[in-house]
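Written out below as C-alpha cells is the structure these notes cover.
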Amino acid sequence: HSVTTMDECIFEQLDGSVVPKNFWQNGKAFVQHGKGFSLMDNDIIASTAFSSCIDEKVIEIGIETHEQYRGKGYAVQVCQTLIDYCLDHQILPVWACRYENQGSYRLAKKLGFLPSNYLPYYRLCKND
C-alpha cells in the first residue's frame with residue numbers, strides 16, 4: 001500500500017459522505033488551494049485525508065475510508081501524512097466531528113487531538 005498526493009483524478013473517483021467533492025467546487029480548485037493524501041491498494045482508494053476547508057494557516061481535516069478497508073489502520077496512516085504535511089508547512093490541523101461519530105472521535109484522539117470545544121450540531125428536518 002502506498003500513500004500518494006491527491007490529484008484531480010483521485011478527487012473525481014472518491015465516493016462517500018466525507019469527500020472533497022462535498023467541500024470544494026471542483027478538482028482543479030482543490031488541487032490549487034487544498035491538500036490531501038490517499039492510501040492506495042493497487043488501483044483502489046482505501047483511505048483519504050484532505051483539507052475540507054482551509055483558511056490562512058489552518059486546515060480542517062476530512063477523512064473517508066472505504067468500508068472494506070476500515071479497522072486496518074489506514075485512516076491513521078493517511079491522516080498522519082496530512083498532519084505531518086501541515087506541521088512541516090506551519091499549518092494548524094483542526095479536527096471537527098460530532099461526538100456521536102465515535103469512529104472519527106476515537107481516530108482524532110489516537111492522532112493526538114484533544115477536544116477543545118463542544119458545539120451544538122444543527123440539521124434541517126422534514127416536518128411530517
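For the side-chain hydrogen bond (donor to acceptor under 3.5 Å, both in side chains) condition, the pairs that include at least one residue of residues 46-56, sequence neighbours left out, are S38-T48, S47-T65. Within the structure, salt bridge (Lys or Arg N to Asp or Glu O under 4.0 Å) pairs that include any residue of residues 59-69 comprise E64-R70 (at least two apart or interchain).
Between P20 and M6, the closest heavy-atom pair is CG-CE, 3.6 Å. Among all heavy-atom pairs drawn from V76 and L111, the shortest one is O-CD2, 3.9 Å.
The cluster map of Ile, Leu, Val, Met, Phe, Trp and Tyr, joined by side-chain heavy atoms under 4.5 Å apart, puts V94 and F37 in different clusters.
Note: K109 NZ to Q102 CD = 9.0 Å, rounded to the nearest 0.5 Å. Here the CD1-OH distance, from I91 to Y85, works out to 5.0 Å after rounding to the nearest 0.5 Å. Atom CZ of F23 is separated from atom CD1 of I54 by 14.0 Å, given to the nearest 0.5 angstrom. Here the CG atom belonging to D41 is positioned 8.5 Å from the NZ atom belonging to K72, to the nearest 0.5 angstrom. To the nearest 0.5 Å, atoms CG (L124) and NZ (K126) are separated by 11.5 Å. Atom NE2 of H33 sits about 9.5 Å away from atom NZ of K28, to the nearest 0.5 Å.
No side-chain donor-acceptor contact under 3.5 Å links K57 to the backbone of L92.
Under the rule for a side chain to side chain contact (heavy atoms under 4.5 Å, CB included), the partners of N22 that lie at least two apart in sequence or sit in another chain are V19. Scored by the side chain to side chain contact (heavy atoms under 4.5 Å, CB included) test, D84 finds Q80 as partners (sequence neighbours excluded). Listed by chain and residue number, I83, P93 satisfy the side chain to side chain contact (heavy atoms under 4.5 Å, CB included) test with L87 (two or more places apart in sequence, or in another chain). Remark: H1 engages Y74 in a ring pair (Phe, Tyr, Trp, His ring centres under 6.0 Å) (not counting sequence neighbours).
Between I63 and V78, some side-chain heavy-atom pair lies under the 4.5 Å cut-off. Looking only at side-chain heavy atoms (C-beta outward), D15 and H66 stay at 4.5 Å or farther from each other. In this structure, F50 and L14 have side chains that are not in contact, with every pair of non-hydrogen atoms separated by 4.5 Å or more.
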- Task: Starting from the C-alpha separation in whole Å, work towards a yes-or-no answer on side-chain contact (heavy atoms from CB on, under 4.5 Å) for T4 and I10.
- Result: CA-CA 10 Å; T4 186; I10 292 173; 3.7 Å; yes
